[in-house]
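This is a predicted model, so every value here is computed, not measured. All heavy atoms count here, side chains included; hydrogens, waters and symmetry mates do not.
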Amino acid sequence: MRFVLLALLAVFTPVNAQTYPAKPVKLVVPFPAGSATDQIARVVGQQLQEALGQPFVVENKPGAQGAIAATEVARAAPDGYTLMVATNTPLAANPSLFKKLNYDPVKDFAPVARLGTISFMIMVRPDFPAKNFKEFLAHAKANPGKLSAGYGSAGSQVSQAMLRSMGKIDFIDVPYKGLPQAITDVLGGSVSFTFADLANALAQIKGGKLRGIAVTSQKRSGLAPEVPAIAEELPGYELIAWFALVAPAGTPAPVVSRLHDTTVRSLAKPEVKARFDALGTDVAPLNPGELGGFIRSEIDKWAKMAKAAGIQPE
């Protein structure tokens, strides 16, 4: 009986891979519309749709630092028709941010491809008293507990905690379902600053609505070379976030392989790289095996960063 089943799989699996997808595919995004993850998902989804001939429909499921979306995708049928464009938040940081998760970032997902990497930028209103990061630190130290910072992802949350710890400053943390809402409240003046991903930060700078103070990458970004790195004042400070495409665990390997190959070919296109550049994101593909190992190493890395920043699991 087992031999018959294996023979059937050998016959039908390649056919399934060749005919996949035969219906629309859902791309779940764990953050709100307008977030960097949402924008990356729409670029990649459009490429997959054009290459594979079926709609790839983005569905935003924000909340609980991406845990709501991750739980849904982890429990979805492993047939290739429910995927997630995720980040380091649900796939690496959440085990250190929550005492209990309803999913396992390693066991519950089949890695497909890493898409890119991105850093963050401290954003303030144009009328904020400090004009540069050195003045920002001095202002925060002179006003302990009076500034507030909005976060909507693990990247922004850990960035804030590292700033508090390494800069020896005190401010109030304000949680949001996603960074777009935090940015809105900085614009409105109810929150002093936020760590926005470069996708959103560059758009705000271009529109003249917010001002960049410093970036979380170890060195200045070529996309905004006039904005210093936090590490210039706080040596050793560095935080880089990333995007990845994953499927529920158990998704057939030929389907994962087809998705990976199609995605990586798309990422190699000059026009896609240009779109990523406009979103402040570096194209940085990894194959399923590499991504699986990367996620495991990132879980350890984010655990160390969260602990060093003094974050207590909720």
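- One hydrophobic cluster, built from ILVMFWY side chains closer than 4.5 Å, cannot hold both Trp302 and Phe31; they sit in different ones.
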Exercise for the section: Output, in order, the C-alpha distance, side-chain angles, deciding distance and verdict of salt bridge (charged side-chain N to carboxylate O under 4.0 Å, His left out) for Lys219 and Glu238. Expected result: CA-CA 9 Å; Lys219 297 180 180 180; Glu238 181 183 23; over 6 Å; no
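- Taking CZ of Phe276 as the reference point, atom OG1 of Thr117 lies at 10.0 Å (rounded to 0.5 Å).
- Remark: Arg114 does not engage Glu298 in a salt bridge, criterion side-chain N to carboxylate O under 4.0 Å.
- Of the listed residues (Ile230, Val158, Val215, Leu239), just one forms a side-chain contact (heavy atoms from CB on, under 4.5 Å) with Phe195, and that residue is Ile230.
- You'll find the side chain of Arg211 stays beyond 4.5 Å of the side chain of Ile205, heavy atoms only.
- With rounding to the nearest 0.5 Å, the separation of OG1 in Thr87 from CG in Asn94 is 8.0 Å.
- At least one side-chain heavy atom of Gln157 sits under 4.5 Å from a side-chain heavy atom of Gln65.
- Using modelled atom types, one side-chain atom of Asp104 and one backbone atom of Lys107 make a donor-acceptor pair closer than 3.5 Å.
- Ser148 contributes atom OG, which lies 9.5 Å from atom CD of Gln160 (distance to the nearest 0.5 angstrom).
- Using modelled atom types, no side-chain atom of Tyr103 and backbone atom of Arg75 make a donor-acceptor pair closer than 3.5 Å.
- Nearest heavy-atom pair, Trp242 versus Asn88, reported as atom, atom and distance to 0.1 Å: N-OD1, 2.9 Å.
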Exercise for the section: Take Leu83 and Val73 through the side-chain contact (heavy atoms from CB on, under 4.5 Å) test and state the conclusion after the steps. Expected result: CA-CA 7 Å; Leu83 309 173; Val73 175; over 6 Å; no
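- For Ala154 against Ala93, the heavy-atom pair with the smallest separation is CB-CB, 3.4 Å.
- No side-chain donor-acceptor contact under 3.5 Å links Asp79 and Tyr20.
- Side chains of Ile118 and Asp282 form no contact here, defined as non-hydrogen atoms less than 4.5 Å apart.
- Within the 4.5 Å cutoff, side-chain heavy atoms of Leu267 are placed close to those of Thr263.
- Remark: side-chain polar atoms of Thr184 are paired, donor with acceptor, to backbone N or O of Pro180 under 3.5 angstrom.
- Between the side chain of Thr216 and the main chain of Phe120, a donor-acceptor pair closer than 3.5 Å is present.
- Between Arg42 and Asp38 there is a salt bridge, since at least one side-chain N of the basic residue sits less than 4.0 Å from a carboxylate O of the acidic one.
- Between the Thr281 side chain and the Leu279 main chain, a donor and an acceptor come within less than 3.5 Å of each other.
- Ser156 and Ser153 share a side-chain donor-acceptor pair at under 3.5 Å.
- The shortest heavy-atom contact between Tyr237 and Leu163 is CE1-N, 3.7 Å.
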Exercise for the section: Determine, step by step, whether Asn200 and Gln39 satisfy the side-chain contact (heavy atoms from CB on, under 4.5 Å) criterion, reporting the C-alpha distance in whole Å, the side-chain angles of both residues, the deciding distance to 0.1 Å, and the verdict. Expected result: CA-CA 10 Å; Asn200 280 290; Gln39 295 179 68; 4.1 Å; yes
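- The cationic group of Arg164 lies under 6.0 Å from the six-membered ring centre of Phe171 and within 45° of the ring axis, placing it in a cation-pi geometry.
- Side-chain contact between Pro32 and Asn60 is absent, with no heavy atoms from C-beta onward closer than 4.5 Å.
- Taking 4.5 Å as the limit, some side-chain heavy atom of Glu72 sits within range of a side-chain heavy atom of Glu59.
- The side-chain heavy atoms of Thr251 and Tyr81, taken from C-beta on, include no pair separated by under 4.5 Å.
- Val43 and Val28 are assigned to two separate hydrophobic clusters, defined by single-linkage of ILVMFWY side chains at heavy-atom distances under 4.5 Å.
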Exercise for the section: Might you work through the side-chain contact (heavy atoms from CB on, under 4.5 Å) test for Ser192 and Val186, ending with a clear yes or no? Expected result: CA-CA 6 Å; Ser192 307; Val186 174; over 6 Å; no
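- Residues Arg220 and Glu232 are paired through a salt bridge, judged by an N-O separation under 4.0 Å between the basic side chain and the carboxylate.
- Looking at every heavy atom in both residues, Leu27 comes nearest to Gly45 through CD1-CA, 3.6 Å.
- Salt bridge absent: Glu314 and Lys99 never bring a charged side-chain N and a carboxylate O closer than 4.0 Å.
- When the side chains of ILVMFWY residues are joined at heavy-atom separations under 4.5 Å, either directly or via intervening members, Leu234 and Met305 end up in a single hydrophobic cluster.
- For the pair Pro288 and Pro111, the tightest heavy-atom approach, listed with the atom from each and the gap, is CB-O, 3.3 Å.
- Across all non-hydrogen atoms, the minimal contact from Lys61 to Ala69 is O-CB, 3.5 Å.
- The existence of a salt bridge linking Asp277 and Lys273 is confirmed by a sub-4.0 Å separation between a basic side-chain nitrogen and an acidic carboxylate oxygen.
- Here the side chains of Leu147 and Ile172 are not in contact, with every heavy-atom distance at 4.5 Å or above.
- Following chains of ILVMFWY side-chain contacts shorter than 4.5 Å, one cannot reach Met123 starting from Phe133, and the two form parts of different hydrophobic clusters.
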Exercise for the section: Using the side-chain contact (heavy atoms from CB on, under 4.5 Å) rule, take Leu179 and Tyr151 through it: C-alpha gap first, then chi angles, then the decisive distance, then the call. Expected result: CA-CA 6 Å; Leu179 283 172; Tyr151 68 86; 5.5 Å; no
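- The same ILVMFWY cluster, assembled from side-chain heavy atoms under 4.5 Å apart, contains both Leu97 and Met84.
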